[in-house]
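Report on one structure; see the data block that follows.
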There are 2 protein chains.
Amino acid sequence: MRILFADDHDLLRDVLKAYLEVDEELTVELASTVDEALVKIAHEGPFDLVLLDYQIPGMDGLLGLRRIVAAQEPRPVLLITGVATEGTATAALRSGAVAVLSKTMSVEKLKIAIVSVINGSFVPPYPGSAGQAGGAHAPTLTPRQEQVLRCICSGLSNKQIARELKLTEATVKMHVKMIFAKLSVNSRTQAILISKSFNLL
Amino acid sequence: MRILFADDHDLLRDVLKAYLEVDEELTVELASTVDEALVKIAHEGPFDLVLLDYQIPGMDGLLGLRRIVAAQEPRPVLLITGVATEGTATAALRSGAVAVLSKTMSVEKLKIAIVSVINGSFVPPYPGSAGQAGGAHAPTLTPRQEQVLRCICSGLSNKQIARELKLTEATVKMHVKMIFAKLSVNSRTQAILISKSFNLL
DNA sequence: CGGATACCTATCCAGAAGGATATATGACTA
DNA sequence: TAGTCATATATCCTTCTGGATAGGTATCCG
């Protein structure tokens with residue numbers, strides 16, 4: 001499945017691309033402006049999904065969104081935003097976005113949302129809607145797991161972490177495994193990137 | 001060798017500690033304020049070296065430096081700063097710092113400086129002095145190495161990088177090895193941290 | 001009490017990462 | 001032209017990672 005992720009925030013862009021592409025089925029193309037995204041769509045045909053940042057250069061209110069929606073027709077455009085009010089969210093939906101997501105939501109949920117939308121089985125949860133529906137909360141780590149993650153994010157090896165926390169390497173490996181599961185990653189490098197970009201620590 | 005690194009910038013503190021402690025001979029203790037540093041020195045005796053950030057809480061001009069120099073006597077105190085003028089540098093030296101280093105200098109050089117100072121074989125190069133003496137420049141990566149590092153920093157495995165850049169995994173591994181050598185690290189996690197904190201990309 | 005959680009340890013295994021060496025080609029240049 | 005540099009590939013070997021499974025203890029709570 002081909003996804004176009006349009007965001008000018010380099011770090012998030014790269015890390016999200018890396019994260020999503022762990023799934024071999026997903027291909028993520030990147031754009032950092034509305035115009036760049038439009039060029040990509042024009043040249044390479046509509047994507048299976050466009051993930052569009054609300055705070056991207058060229059957005060111009062919701063005009064940029066409408067232009068991309070038009071180019072994508074009838075394929076879906078997902079708007080993602082850091083700070084969204086009820087008003088802008090509904091306006092975006094009226095402008096053709098199939099859903100408005102918050103950057104505070106967890107990566108797993110974002111991925112689920114993306115796949116759901118592509119598969120056509122999606123109920124749009126957007127920030128500002130009733131309660132916390134579909135919203136934020138990052139994966140909860142136990143205190144120990146948090147310590148271990150902190151060590152991982154300092155570049156320590158399992159052996160070093162074991163010494164640092166006075167544990168067996170076996171124990172450390174077990175914690176690492178659990179952390180990976182919660183973050184939905186499969187390498188310590190990705191764990192670092194995810195925990196930094198969603199600042200879990 | 002016991003080193004006290006006093007800096008309130010968490011990221012740099014942790015990554016530098018991790019980096020230096022790769023060398024098994026070095027033990028790095030941390031403090032985030034001048035007072036915390038003084039307490040550590042008082043309780044645990046003078047360190048082989050104190051690495052002191054100029055922009056640390058409690059510094060109060062150069063008073064904090066003088067207090068730490070006094071506590072450390074006769075062991076060395078190294079001042080490290082992001083933005084230093086000729087004036088503050090010489091003032092710091094007069095206040096008892098054995099040298100003033102710039103945060104723009106490379107990690108390797110910093111480590112060399114630290115070890116040199118402890119071994120007593122150090123000629124203080126401080127920012128603002130003639131030309132670029134002892135100063136900044138980060139390790140120079142070849143274009144290819146830069147590409148590979150970028151991939152590493154996206155959390156990709158060697159195999160994924162090979163696919164991405166259309167290379168053999170063997171070639172990627174070779175590039176990775178070279179990058180590690182230039183950054184003076186020995187794992188991709190550390191490479192990420194170093195290249196991010198010294199934003200090499 | 002019984003169950004749920006967090007925590008610690010152990011062993012096995014496949015595969016990835018890291019380190020060392022060797023070889024080869026094109027490009028730039030002293 | 002000879003030398004250097006970046007690039008690319010290969011092989012060998014060791015260590016570390018990541019994943020699976022299977023135990024064990026302590027604590028908290030209904």
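Reckoned from all heavy atoms, side chains included, excluding hydrogens, waters and symmetry mates. All chains are named by letter (A, B, ...) in the order of the sequence lines, taking the proteins before the strands, and each is independently numbered beginning at 1.
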Could you state the [atom1]-[atom2] distance from [X] to [N], rounded to the nearest angstrom?
{"X": "Q145(A)", "N": "dC7(C)", "atom1": "CD", "atom2": "P", "result": "7 Å"}
{"X": "L141(B)", "N": "dT7(D)", "atom1": "CG", "atom2": "P", "result": "10 Å"}
{"X": "Q147(B)", "N": "dA6(D)", "atom1": "CD", "atom2": "C1'", "result": "13 Å"}
{"X": "M178(B)", "N": "dG18(C)", "atom1": "CE", "atom2": "P", "result": "15 Å"}
{"X": "H175(B)", "N": "dC5(D)", "atom1": "NE2", "atom2": "C1'", "result": "13 Å"}
{"X": "Q160(B)", "N": "dG15(C)", "atom1": "CD", "atom2": "P", "result": "16 Å"}

When you check the gap from the basic side-chain N to the acidic O, do K40(B) and D35(B) get nearer than 4.0 Å?
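Looking at D35(B) together with K40(B), the answer is no, because their closest N to O distance does not fall below 4.0 Å.
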
About how many Å separate [atom2] of [Y] and [atom1] of [X], when rounded to the nearest 0.5 Å?
{"X": "L65(B)", "Y": "D53(B)", "atom1": "CG", "atom2": "CG", "result": "11.5 Å"}
{"X": "L51(B)", "Y": "L79(B)", "atom1": "CG", "atom2": "CG", "result": "8.5 Å"}
{"X": "E169(B)", "Y": "R163(B)", "atom1": "CD", "atom2": "CZ", "result": "10.0 Å"}

No-hydrogen, no-angle side-chain donor-acceptor test under 3.5 Å, R150(A) and Q147(A)
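No donor-acceptor contact under 3.5 Å links the two side chains.
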
Which nucleotide sits closest to the side chain of [X]: [options]?
{"X": "T142(A)", "options": "dA6(D), dA8(D), dA6(C)", "answer": "dA6(C)"}
{"X": "P143(B)", "options": "dT7(D), dT9(D), dC8(C)", "answer": "dT7(D)"}
{"X": "L167(B)", "options": "dT7(D), dT9(D), dC8(C)", "answer": "dT9(D)"}
{"X": "A170(B)", "options": "dT9(C), dT7(D), dT11(D)", "answer": "dT11(D)"}

B/S/- along nucleotides 16-30 of chain D (protein heavy atoms under 4.0 Å) is SBBSBB---------

Please classify the nucleic acid contact of T168(A) as base, sugar-phosphate, or nothing, using heavy-atom distances under 4.0 Å.
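Sugar-phosphate, no base atom in range.
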
May I ask you to decide if T142(A)'s main-chain N or O and Q145(A)'s side chain share a donor-acceptor pair within less than 3.5 Å?
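Yes: the side chain of Q145(A) pairs with the backbone of T142(A).
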
Where the side chain of Q160(B) meets the backbone of S157(B), is there a donor-acceptor pair that is under 3.5 Å apart?
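Pair found, side chain donor or acceptor close to backbone of S157(B).
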
